[in-house]
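To keep things clear, I will list the structure first and then write my remarks on it.
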Protein chains: 2
Amino acid sequence: MLKRKAEAADRLFHALADANRRAVIERLTRGPATVSELAAHLGVTVAATVQHLQVLQDSELVRSEKNGRVRTCRIDPAGLRSAEAWLQRQRTAWEHSLDRLGAVLDDRTKESGS
Amino acid sequence: MLKRKAEAADRLFHALADANRRAVIERLTRGPATVSELAAHLGVTVAATVQHLQVLQDSELVRSEKNGRVRTCRIDPAGLRSAEAWLQRQRTAWEHSLDRLGAVLDDRTKESGS
DNA sequence: GGGATAGTCAAGTGGTAGCTTAAGTATCCA
DNA sequence: TGGATACTTAAGCTACCACTTGACTATCCC
């Protein structure tokens, strides 16, 4: 199995697969927030929120820095970009394969046609 | 614990979060394949492959039809498109929020400046 | 018909995810 | 200083996931 290279994508899509983590991202696209604010927004404990934030930071979807006792979280565009890149790569590969199929069908038509 | 409702985005990103399922997608972007071919490609049993395919079909990433005893699988672009759409939505929302921040900073500079 | 092929279904297993509570650390401020 | 605030860490619990094996159905073709 070709798993080594896949780890980043694993983490990335796994991070996006949870509704609460996506809610954090959606919230942060509208501006930075503290851990407590995010916890209130999600309706879970602060501890659970910290765990989600860890996952989001590991996949470069969120960054955060701590000032005094307050941790401020914001979007890290790197993760969003590489997720989009993977999907675009697949879509383009698929479209190319459709093009090749089209070319083959055209050739067949030409051969058998006239 | 609250049972999470399996929303579309949940299913979608969860489907993409598994390396074997992504390998199926990558394989299918290069053209259709049967269940056995996919199983051989992944190096897992046919039964496991069928389970992956079920997940991929539920999230509209893959379609399949059965002719005789052979099931042929192909890419369903709907899933890829809606995953891309979600990510793009977040990225543009984030960029707009940066714009608004920029505007505020400009105003502040104008007010306090000179 | 009957053996091989292609896929489906069900049950069981080890591992992991997401959540909680509880106890800790660091910082703020009256 | 000392109490309140903001976050961190650890342990434990339940549910779910990816995978297997084994039995089964449907189809092909000699």
**Message:** On a heavy-atom basis, which atom in A:A15 and which in A:L61 lie closest, and how many Å separate them?
**Reply:** CB-CD1, 3.8 Å
**Asked** How long is the span from the OG1 atom in A:T34 to the CG atom in A:N67, to the nearest 0.5 Å?
**Response** 12.0 Å
**Item:** Secondary-structure stems for DNA chain C, with pairs counted as Watson-Crick or G-U when both distances are under 3.5 Å and runs at least 3 long
**Value:** C:1-30 with D:1-30
**Message:** In this structure, how many angstroms lie between the C1' atom of D:dT20 and the CG atom of B:L42, rounded?
**Reply:** 15 Å
**Request:** Pick base, sugar-phosphate or nothing for B:V46, based on heavy-atom distances below 4.0 Å to the nucleic acid.
**Result:** base
**Prompt:** For residues 26-37 of chain A, which residue pairs qualify under salt bridge (Lys or Arg N to Asp or Glu O under 4.0 Å), counting only residues two or more places apart or in two chains?
**Reply:** none
**Message:** Output the rounded distance in Å from CG (A:L38) to P (D:dT8).
**Reply:** 12 Å
**Fill in**
Nearest heavy-atom approach of B:L12 to B:A83 is CD2-N, 3.6 Å
**Request:** Hey, could you give me each pair passing ring-ring contact (aromatic ring centres under 6.0 Å, His included) that has a residue in residues 15-51 of chain A? Not counting sequence neighbours.
**Result:** none
Which pairs would a plain distance check flag for residues 69-78 of chain B, meaning a side-chain donor or acceptor within less than 3.5 Å of a matching protein atom at least two apart in sequence or in another chain?
from, atom 1, to, atom 2, distance (Å)
B:R71, NH1, B:S64, OG, 2.9
B:R74, NH1, B:E65, OE2, 2.7
B:D76, OD1, B:A78, N, 3.1

**Prompt:** Can you check the A:H52 NE2 to D:dT8 P distance for me, whole Å?
**Reply:** 15 Å
**Message:** Show every ring-ring contact (aromatic ring centres under 6.0 Å, His included) that has at least one partner inside residues 10-32 of chain B, sequence neighbours left out.
**Reply:** B:F13-B:W86
**Residues which pass side chain to side chain donor-acceptor pair (under 3.5 Å) with B:R91, listed by chain and number, not counting sequence neighbours** = A:E84, B:E95
Between side-chain atoms of residues 46-55 of chain B and protein atoms elsewhere (two or more places apart, or another chain), which donor-acceptor pairs fall under 3.5 Å?
from, atom 1, to, atom 2, distance (Å)
B:T49, OG1, B:T45, O, 3.0
B:H52, ND1, B:R21, NH1, 3.3
B:Q54, NE2, B:D58, OD1, 3.1

**Prompt:** A:L87 versus B:L16: any side-chain heavy-atom pair under 4.5 Å?
**Reply:** yes
**Asked** What's the shortest heavy-atom distance between B:Q90 and A:T29, and which atoms?
**Response** O-CG2, 3.4 Å
**Request:** Figure out the CG/P separation between A:L16 and C:dA17, and round it to whole Å.
**Result:** 15 Å
**Complete:** Between CD of A:E37 and P of D:dT5 the distance, given in whole Å, is 16 Å
Short heteroatom pairs, N/O only, protein and nucleotides 9-16 of chain C, under 3.5 Å:
none

**Request:** Starting from P on C:dA17, measure out to CG on B:D18 and report it in whole angstrom.
**Result:** 12 Å
**Within residues 66-76 of chain A, residues whose heavy atoms come under 4.0 Å of DNA chain C** = A:G68, A:R69
**Spacing between B:D58 atom CG and D:dC16 atom P, to the nearest angstrom** = 16 Å
**Side-chain N,O (B:T45) to OP1/OP2 (D:dC19) below 4.0 Å** = no
**Complete:** Here the distance between atom P of C:dG18 and atom CG of A:L53, to the nearest Å, is 13 Å
